[in-house]
Amino acid sequence: MLDIKYIAEHPEEIKSGMAKKGYTKEMLDVDALIALYKDIAALKTSSQALSEEKNKLSNSIKTASAEERPAIIAKSKSIGEELKVEQEKLAAEQAKYDDMMLRMPNMPSPESPVGKDDSENVVRRKVGTPRTFDFTPRDHVELMELNDWSELERITKVCGSRTYAIKNELARLELAIHMLVIDKLAANGFTVINVPSLSKEKPLYGQGYLPFSRDEIYYMPQDDLYLSGTAELILNSLRADELLNENELPILYAGFSPCFRREAGAAGKDTRGLTRVHQFMKTEQFVICKNDIAESEKWHQKLLALSEEVLQDLELPYQVLEVCTGDMGAPKYRQYDLEAWVPTQNCYRETHSCSNITDWQARRTNLRYRDNTDGKVKYAFTLNNTGIATPRALVPFLENHQQADGTVRIPEKLQPYMGGKKFIGKNAR
RNA sequence: GGAGAGUUGGCAGAGUGGUAAUGCAGCGGAUUGCUAAUCCGUCAUCCUGUUAAAGGGAUGCACAGGUUCGAGUCCUGUACUCUCCGCCA
């Protein structure tokens, strides 16, 4: 959510920011929003004048004489009727206004490349060199079948499409990678927190998932609960409605949770293997920091560096993508994606998404802190980034580290989490 | 699933139908000086107002309704917390 006063004072700046994100006047009319805001202010002024009069009358009853009272009560009642009409009008306008405000996207950073869709994202750097194979590399599904690491066909009979079951060393590898990431984040001052995958509706608005993409979310009407697509959802609302002391900031969370996505908009995409499944595990990085662009940029870089370190520890070649304005979601101020090299697809595939949300989410969740220097109450800034998401990350992992004999090499940093093993697979010694 | 108790500002905590006490912490100011204290104001949101303030007003006691001239207080529903019982990985 944005500051309506800022919108009203800088309409052209807001319009140009929205245009960069691909919003048209038909989708969301800023001038209409501002007009509505002014209408509401006028309605508030007039209804508050009525309230004031009514309060005065009510307070005068106590000291009024018995003869005076009936007239005062009658007058107060009639103002009450008038007030009720005004307030109903106000509530109707307010509902329209709230709906528009919830749909207002965050303004993109001036640093973000301007573009219409993912084709205009900019590669900032490439780290590591895609491996050249002296044998024909197997894709990750072949490797899993060869090594008895999965139950892909059987599990879809039981659980439906886009589900996965992995077993033996690969099942342990999945958890080992999470532990490596969790240890790294803990060593960097993050609070490790395992959170539920169930959510009420309100946090989905707080995160900015709703009202935008309801189709993507599993909903259980019997309990009025949703399945979380990411721990960011839960962590973003964990401190909602709190007024923090600045000394408590920054708050760093390493949140682990099972994640659920309907993948309704991805029909037919990535249907083979582990790339796009309905349920997966994610360790998420989440930061709540001061209301300060420079400070948040610093944390944004830190989060990015941590996830780059993860890919380096896993010895995966990757590229850092700066996401352009048109490909960024509504909540985002600035976004980087990390993509790891997938040999059999001959391209980089997304593993991490690192975003600075500024105060857009905190305004929705009413997450504030009191500033130490001026004593003022301010909205906090939030940032989030993937720590690691599996099984997706196993795709480049298996394919990049495969050997001619079908075994998979375990990078040095991961070996302690795999009982010291240097290779896994049927032919591993 | 059942029974009981509870939910008041950043925190603590009073308030049984008539303007939300008080303390602590934070911020601003004044004063005394000797490293701390004292006093005053402010300290949740919104409207109005202003270059900015000041000032005025409305709202706010978990949430949503209701009764009433007037609700933190009475009534109804909901959420959550705690205690106990039941069931349970």
Side-chain angles (χ1 to χ4, degrees), chain A residues 1-10 33-98 100-102 194-206 220-226 234 237-251 258 288 290-292 359 362-380:
Chain A
M1 218 147 64
L2 300 175
D3 180 1
I4 185 61
K5 285 185 180 154
Y6 192 88
I7 296 174
E9 283 164 18
H10 307 86
L33 176 67
I34 295 170
L36 193 52
Y37 166 64
K38 290 188 172 153
D39 278 357
I40 288 172
L43 266 175
K44 276 184 184 167
T45 306
S46 61
S47 85
Q48 284 182 9
L50 286 174
S51 290
E52 183 181 358
E53 201 183 340
K54 188 160 170 280
N55 288 346
K56 280 184 179 151
L57 288 171
S58 290
N59 289 333
S60 72
I61 283 174
K62 207 180 156 190
T63 51
S65 67
E67 305 83 74
E68 291 169 330
R69 278 186 190 184
I72 297 172
I73 288 172
K75 175 78 178 157
S76 181
K77 262 187 170 166
S78 86
I79 292 174
E81 305 279 318
E82 233 180 299
L83 192 56
K84 204 171 176 187
V85 173
E86 289 259 307
Q87 281 172 344
E88 273 164 13
K89 218 157 77 185
L90 185 59
E93 298 276 279
Q94 186 75 42
K96 270 193 260 175
Y97 168 85
D98 289 345
M100 286 180 94
M101 283 299 278
L102 281 172
N194 298 344
V195 297
S197 303
L198 295 172
S199 176
K200 296 184 179 183
E201 189 174 70
K202 209 174 162 194
L204 287 154
Y205 282 96
M220 293 165 289
Q222 203 171 5
D223 300 289
D224 196 21
L225 287 171
Y226 295 81
I234 311 300
S237 277
L238 191 60
R239 313 300 293 265
D241 295 313
E242 289 190 31
L243 180 46
L244 303 167
N245 187 307
E246 190 189 316
N247 299 335
E248 296 176 64
L249 302 178
I251 294 172
I288 303 171
K290 284 199 289 188
N291 188 307
D292 182 86
D359 61 357
R363 285 179 181 277
R364 293 174 162 243
T365 56
N366 194 30
L367 171 58
R368 301 153 303 157
Y369 69 97
R370 195 181 294 279
D371 191 290
N372 277 346
T373 47
D374 56 16
K376 292 236 167 71
V377 173
K378 296 178 179 170
Y379 288 103

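So that the names make sense, note that chain A is the first sequence line, chain B the second, and so on, each numbered from 1. Every value quoted in this text rests on a predicted model; they were computed, and no experiment measured them.
With rounding to whole Å, A:Y369 atom OH is found 15 Å from B:G10 atom C1'. Rounded to whole angstrom, the span from the NZ atom of A:K378 across to the P atom of B:C27 amounts to 13 Å. With rounding to whole Å, A:L244 atom CG is found 11 Å from B:G10 atom P. B:A79 atom P lies 18 Å from atom CG of A:D241, rounded to whole Å. One can place CG of A:L90 at 11 Å from C1' of B:A58, the figure rounded to the nearest angstrom. Atoms CD (A:E248) and C1' (B:C11) sit 11 Å apart, rounded to a whole Å. For the pair A:N247 CG and B:C27 C1', the interatomic distance rounds to 13 Å; values are reported in whole Å. For the pair A:L43 CG and B:A58 P, the interatomic distance rounds to 18 Å; values are reported in whole Å.
In this structure, A:P258 and A:S197 approach most closely via the heavy-atom pair O-OG, 2.6 Å. In plain terms, the two heavy atoms of A:Y97 and A:I40 that are nearest each other are CB-CD1, 3.5 Å.
OP1 or OP2 of B:U59 sits under 4.0 Å from a side-chain N or O of A:N55.
B:C24 and B:C88 are spaced 45 Å apart, taking the C1' atom of each and rounding to whole Å. For the C1' atom pair drawn from B:G29 and B:A53, the interatomic distance equals 15 Å after rounding to whole Å. Taking the C1' atom of each, B:A71 and B:G66 are spaced 11 Å apart, rounded to whole Å. With C1' as the reference atom, B:C43 and B:A25 are 10 Å apart, rounded to whole Å. If you take atom P in B:A5 and the same atom in B:G77, they sit 15 Å apart, rounded to whole Å. Rounded to whole Å, the C1' atom of B:G57 lies 23 Å from the corresponding atom of B:U51. For the P atoms, the distance from B:U8 to B:A3 is 25 Å, rounded to whole Å. Nucleotides B:U67 and B:C11 place their P atoms 33 Å apart, quoted to the nearest Å.
Put simply, CG on A:L198 and CG on A:D223 are 8.5 Å apart, with the number rounded to the nearest 0.5 Å. In this structure, CG in A:D241 is found 9.0 Å from CG in A:L367, a value given to the nearest 0.5 Å.
A salt bridge links A:E242 with A:R239; the closest basic N to acidic carboxylate O contact falls under 4.0 Å. Taking the charged nitrogens against the carboxylate oxygens, A:E52 and A:K56 do have a contact shorter than 4.0 Å, which makes a salt bridge. Electrostatic pairing of A:K376 and A:D371 does not count as a salt bridge here, judged by no charged N lying under 4.0 Å from a carboxylate O.
Note on A:S60: nothing from the nucleic acid sits closer than 4.0 angstrom, heavy atoms only. Within 4.0 Å (heavy atoms only), A:D371 reaches no atom of the nucleic acid at all.
Using a 4.5 Å cut-off on side-chain heavy atoms (C-beta onward), A:D98 and A:Q94 make contact.
Formation of a donor-acceptor pair under 3.5 Å by the A:S76 side chain with backbone atoms of A:I73 is not found in this model. A:R364 places a side-chain N or O within donor-acceptor distance of the main-chain N or O of A:Y205, the cut-off being under 3.5 Å.
With sequence neighbours excluded, the residues satisfying side chain to side chain contact (heavy atoms under 4.5 Å, CB included) with A:D39 are A:E93.
Near RNA chain B, meaning a heavy atom under 4.0 Å from it, residues 194-203 of chain A has A:K200 in order of number.
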- Query: Base, backbone or nothing for each nucleotide of nucleotides 62-72 of chain B, written B, S, -, heavy atoms under 4.0 angstrom, 5' to 3'?
  - Reply: -------BS--

- Nucleotide-resolved protein contact map, nucleotides 36-52 of chain B, B/S/- at heavy-atom distance under 4.0 Å: -------SS-BBS----

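The side chain to side chain donor-acceptor pair (under 3.5 Å) analysis of residues 42-51 of chain A, with sequence neighbours excluded, yields the pairs A:S46-A:E86.
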- Read 5' to 3' with Watson-Crick or G-U pairs under 3.5 Å, [ ] for crossing pairs and | for partners on another strand, RNA chain B gives ((((((((.[[[..)..(...]]].((((((.....)))))).(((((......)))))..[[[[[..)....]]]]])))))))....

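In this model, a donor atom of one side chain and an acceptor atom of the other lie less than 3.5 Å apart for A:N366 and A:R368. Looking at A:Y369 and A:E248, their side chains never bring a donor and an acceptor atom within 3.5 Å of each other.
More than 12 heavy atoms of other residues, nucleotides or ligands sit less than 6.0 Å from atom NZ of A:K378.
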